[in-house]
There are 2 protein chains.
Amino acid sequence: MKVKLAYIANNSVRKATFKRRKKGLLKKTEELRILCGVDACGIIFHPYDPEPEVFPSHIEAQRIISQLRNKSELEQHRRMVSQKDFITQRVTSVNGQIVKQQKEVRHKEMTRIMFQCLNGEGFLHLNMVDLKDLNSLVGQYIIDIDRRIDFLEKNH
Amino acid sequence: MKVKLAYIANNSVRKATFKRRKKGLLKKTEELRILCGVDACGIIFHPYDPEPEVFPSHIEAQRIISQLRNKSELEQHRRMVSQKDFITQRVTSVNGQIVKQQKEVRHKEMTRIMFQCLNGEGFLHLNMVDLKDLNSLVGQYIIDIDRRIDFLEKNH
DNA sequence: ATCTCTATTGTTAGGTT
DNA sequence: AAACCTAACAATAGAGA
């Protein structure tokens with residue numbers, strides 16, 4: 001650009017430029033509306049000028065603004081819903097992980113108790129559920145050990 | 001204009017034109033803002049497009065829109081006040097005319113009554129105020145007649 | 001469809017009246 | 001200040017990649 005893009009200090013030059021360019025902008029806006037069949041509007045105003053320029057018309061601008069409001073409300077709603085979905089998903093996922101870890105912890109605990117028993121340290125403070133789990137665990141160990149014995153017998 | 005100003009039916013051409021011209025409009029708006037130090041914003045949207053174009057920025061556009069709201073409220077208020085002033089003035093004026101006409105009517109009525117009296121038809125149904133006015137009127141007539149007599153005597 | 005290129009058309013700065 | 005002019009400049013249509 002030849003004329004550098006900066007505030008025009010000279011009052012009358014600035015005013016003339018404003019008038020010309022405002023007209024140009026208005027024209028371009030109208031052309032875009034017609035050529036592309038879109039809703040477009042513009043608002044221009046000098047903070048200390050009595051009459052803001054609203055185009056293509058005040059009524060049309062208001063229509064477009066309220067459309068924008070509705071649309072952005074919808075968008076916001078959509079965003080919130082998708083965020084809720086995301087969080088729900090995370091909660092479900094984390095809950096799954098917790099359950100899995102609880103199972104692991106219990107399994108380790110049972111294993112510890114089993115070996116404690118094998119060392120003849122007895123099992124104190126165990127309720128019925130614990131005993132059942134322990135029984136099941138011991139059963140699985142025995143099955144495993146049987147399998148290993150079979151394997152050794154077949155290979156020797 | 002070489003390309004006639006009408007809705008572009010071809011989809012891809014319209015889209016391309018839209019993109020190019022939207023960019024142009026945005027640039028022009030920004031230039032106007034900077035060159036002339038004015039508040040200006042624009043909103044463009046395809047009714048069926050998810051993202052409205054709001055420039056120079058969403059936040060700035062909102063600021064300008066609310067400024068516009070305030071300003072037009074003020075304007076409306078100003079208009080209402082000036083209309084009230086106008087009506088008040090009209091009412092005052094009309095009231096003045098009514099008073100003037102009432103005086104004229106009263107004067108004519110008194111004159112009629114006076115001549116009625118001169119015809120010896122007597123004055124009936126007159127209250128004290130009417131009588132006072134009538135007296136004053138007669139007094140003025142007499143003064144007027146005296147003046148005319150003086151005038152005639154001097155000139156003959 | 002999107003990007004780049006460029007001839008053409010449109011816009012605007014600055015000067016004149 | 002406003003309206004008009006026009007050289008200079010910028011935007012864009014349309015074509016080609």
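Convention: sequence-line order gives letters A, B, ...; per-chain numbering from 1. Computed from a predicted structure; not experimentally measured.
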Are any non-hydrogen side-chain atoms of A/E30 and A/R33 less than 4.5 angstrom apart? yes

d(CG, B/N10; P, D/dA13) in whole Å: 13 Å

Would you kindly check whether a donor in the side chain of A/R20 faces an acceptor in the base of C/dA13, or vice versa, at under 3.5 angstrom? yes

Is there a donor and acceptor pair closer than 3.5 Å between the side chain of B/R21 and the base of D/dA11? no

Can you list everything that forms a side-chain hydrogen bond (donor to acceptor under 3.5 Å, both in side chains) with B/R14? Sequence neighbours excluded, please. B/Y7, B/N11

B/R14 CZ to C/dA1 P: how many Å, rounded? 11 Å

Quick note, B/L35 side chain, CB onward, closest among C/dA13, D/dA2, D/dA10 is C/dA13

What is the distance, to the nearest angstrom, from the CG atom on A/L32 to the C1' atom on D/dA13? 15 Å

Measuring from the side chain of B/T17 (C-beta onward, heavy atoms only), which nucleotide among D/dA10, C/dC3, D/dA13 has the closest atom? D/dA13

Five pairs at each end of the helix from C/dT2-D/dA17 to C/dT17-D/dA2: take the axis at both ends and give me the angle between them to 10°. 30°

Starting at CZ of B/F18 and ending at P of D/dA13, how long is that distance when rounded to a whole Å? 13 Å

Taken to the nearest 0.5 Å, the spacing of B/I87 CD1 from B/T92 OG1 works out to 11.5 Å

Roughly, in whole Å, what's the span from CG in B/L25 to P in C/dG10? 17 Å

Under 3.5 Å, is there a donor-acceptor pair linking the side chains of B/Q67 and B/R63? yes

Is there a side-chain polar atom (N or O) of B/K19 under 4.0 Å from OP1 or OP2 of C/dA1? no

Answer with yes or no whether the side chains of A/R79 and A/Q83 bring together a donor and an acceptor at under 3.5 Å. no

Using a 4.0 Å heavy-atom cut-off across all strands, classify B/K23 as base, sugar-phosphate, or nothing. nothing

To the nearest 0.5 angstrom, please state how far the CG atom of A/L25 sits from the NZ atom of A/K27. 12.5 Å

Distance, rounded to the nearest Å, where B/L5 contributes CG and D/dA13 contributes P: 11 Å

Whole Å only: how far is the NZ atom of A/K22 from the P atom of C/dA13? 15 Å

A/K15 NZ - D/dA3 P separation (whole Å): 11 Å

Can you give me the closest heavy-atom contact between A/A40 and A/P56, atom names plus distance? O-CD, 3.3 Å

Heavy atoms from C-beta onward define the side chain here; which of C/dG10, D/dA13, C/dA1 lies closest to that of B/S12? C/dA1

